[in-house]
Each structure stands twice: as structure tokens, then as C-alpha cells.
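Remarks on the structure that follows.
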Amino acid sequence: MLSKRIIFKHIRDDIKSSLGSKIDLFIILLIVFNVLLIIVDTFNMPDWYFVFSDRVELLSIIIFTVEYGLRLWTSDLKHPNLSRIKARLK
């Protein structure tokens with residue numbers, strides 16, 4: 001199992017790593033792709049497109065939720081002088 005410090009190193013904005021930069025780029029591209037899908041969703045498209053769009057949306061929600069959860073989990077490493085709850089709230 002990956003340690004909390006390794007995950008922290010790769011997902012926090014203030015600590016740049018090769019993998020961290022790739023993760024940040026992936027998240028940004030996923031956001032842009034989802035925005036484009038939402039725009040295209042407003043047009044009259046074939047049924048297969050909406051199935052594809054729904055699946056991408058579900059996968060994106062899962063990815064964003066996992067990333068957010070990891071950021072919450074490692075927040076006490078970013079703010080070591082705060083309690084876990086206060087670090088998560090910050």
C-alpha cells in the first residue's frame with residue numbers, strides 16, 4: 001500500500017514532482033474534456049453519444065472524488081501544526 005507521504009508528494013500543488021505534474025495535467029485535461037462534453041450535450045446528437053457522455057461523466061466523478069479524498073486524507077501533512085480536522089477544513 002502506498003504511504004501517505006508518497007501520495008502527498010504527488011498530489012499537492014506546492015510540491016512538484018514528475019508524476020505530480022502529470023496528474024495535474026490529467027485533471028486539467030479531464031475538466032476541459034468534460035466542459036466540451038457538456039457543450040456538445042446541448043446539441044441534437046445520436047443516442048450512442050449520450051451513452052458515451054454519461055459514462056465519461058461517471059468516470060470523471062469517480063476520479064475527481066478519489067483525488068479530493070486523497071487531498072483531504074493528506075491535508076494534515078500540509079498543515080502539521082493544525083489538528084486533523086482543522087487541517088482538512090483549511
Side-chain angles (χ1 to χ4, degrees):
M1 183 171 162
L2 291 173
S3 79
K4 190 184 232 185
R5 291 201 181 278
I6 293 172
I7 292 172
F8 175 78
K9 176 184 169 190
H10 294 302
I11 63 169
R12 301 314 287 195
D13 297 333
D14 51 350
I15 300 176
K16 289 298 175 191
S17 68
S18 177
L19 180 59
S21 296
K22 290 175 184 168
I23 290 171
D24 288 346
L25 179 62
F26 173 74
I27 294 295
I28 290 168
L29 291 175
L30 189 59
I31 291 168
V32 170
F33 187 64
N34 274 279
V35 169
L36 292 174
L37 282 178
I38 290 170
I39 292 169
V40 174
D41 278 352
T42 63
F43 297 103
N44 189 12
M45 301 297 288
D47 289 340
W48 66 264
Y49 168 79
F50 292 107
V51 172
F52 169 76
S53 177
D54 288 345
R55 289 181 181 165
V56 169
E57 180 182 354
L58 177 62
L59 181 62
S60 298
I61 290 169
I62 291 168
I63 291 170
F64 294 142
T65 303
V66 168
E67 188 226 2
Y68 186 70
L70 290 174
R71 287 181 179 274
L72 283 176
W73 182 53
T74 60
S75 63
D76 59 329
L77 295 176
K78 183 168 182 161
H79 305 287
N81 56 334
L82 299 175
S83 69
R84 285 184 174 181
I85 294 173
K86 287 183 181 180
R88 286 184 176 107
L89 289 173
K90 186 165 177 111

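As a basis for the values below, the full set of heavy atoms in this structure was taken, side chains included, without hydrogen atoms, waters or symmetry mates.
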Residues at least two apart in sequence or cross-chain that pass salt bridge (Lys or Arg N to Asp or Glu O under 4.0 Å) with R88, listed by chain then number, are none
*Looking only at atom types and distance, does a side-chain atom of S53 sit under 3.5 Å from a main-chain N or O of Y49, one as donor and one as acceptor?*
no
Practice task
Verify the cluster assignment for F26 and I31: are they in a single hydrophobic cluster under the rule of side-chain heavy atoms below 4.5 Å apart?
Solution key: yes
Check: Does the side chain of L77 come within less than 4.5 Å of R5's, by heavy atoms?
Finding: yes
**Request:** Check the pair I63, L59 against side-chain contact (heavy atoms from CB on, under 4.5 Å), reporting the backbone distance first and the verdict last.
**Result:** CA-CA 6 Å; I63 291 170; L59 181 62; 4.0 Å; yes
Separation between CG (L37) and CD (E57), nearest 0.5 Å, reads 9.0 Å
For L89, the hydrophobic cluster (side chain heavy atoms closer than 4.5 Å, chained through members) also holds I85
- Message: Side chains of D41 and M45, heavy atoms from C-beta outward: is any pair under 4.5 Å?
- Response: no
Query raised in the report: Side-chain heavy atoms under 4.5 angstrom apart, residues restricted to Ile, Leu, Val, Met, Phe, Trp, Tyr: same cluster for F43 and W48?
Result: yes
- Query: Crowded around K4 NZ? As in, over 12 foreign heavy atoms under 6.0 Å?
  - Reply: yes
Here the gap from S21 atom OG to H10 atom NE2, rounded to the nearest 0.5 Å, amounts to 10.5 Å
The reported gap from NZ in K86 to CG in N81 (rounded to nearest 0.5 angstrom) is 10.5 Å
inquiry  = Can you confirm whether more than 12 heavy atoms, excluding those of Y68, are under 6.0 Å from its OH atom?
reply    = no
So do the side chains of N34 and L30 get within less than 4.5 Å of each other, counting heavy atoms only?
-> yes
Hey, any chance V51 and V56 share a hydrophobic cluster, counting ILVMFWY side chains that come within less than 4.5 Å of each other, even indirectly? no
Discussion item. Counting only heavy atoms from other residues, nucleotides and ligands, does the tally under 6.0 Å from CG of D47 exceed 12?
Written reply: no
Scanning both residues in full, the closest heavy-atom pair of I7 with W73 reads CD1-CZ3, 3.5 Å
- Message: With a 4.5 Å cut-off on side-chain heavy-atom distances among I, L, V, M, F, W and Y, is there a chain of contacts connecting L19 to I6?
- Response: no
To the nearest 0.5 Å, atom CG of L82 lies from atom NZ of K90 at 6.5 Å
- Item | ILVMFWY cluster, V35 and F50 together (side-chain gap under 4.5 Å) | yes
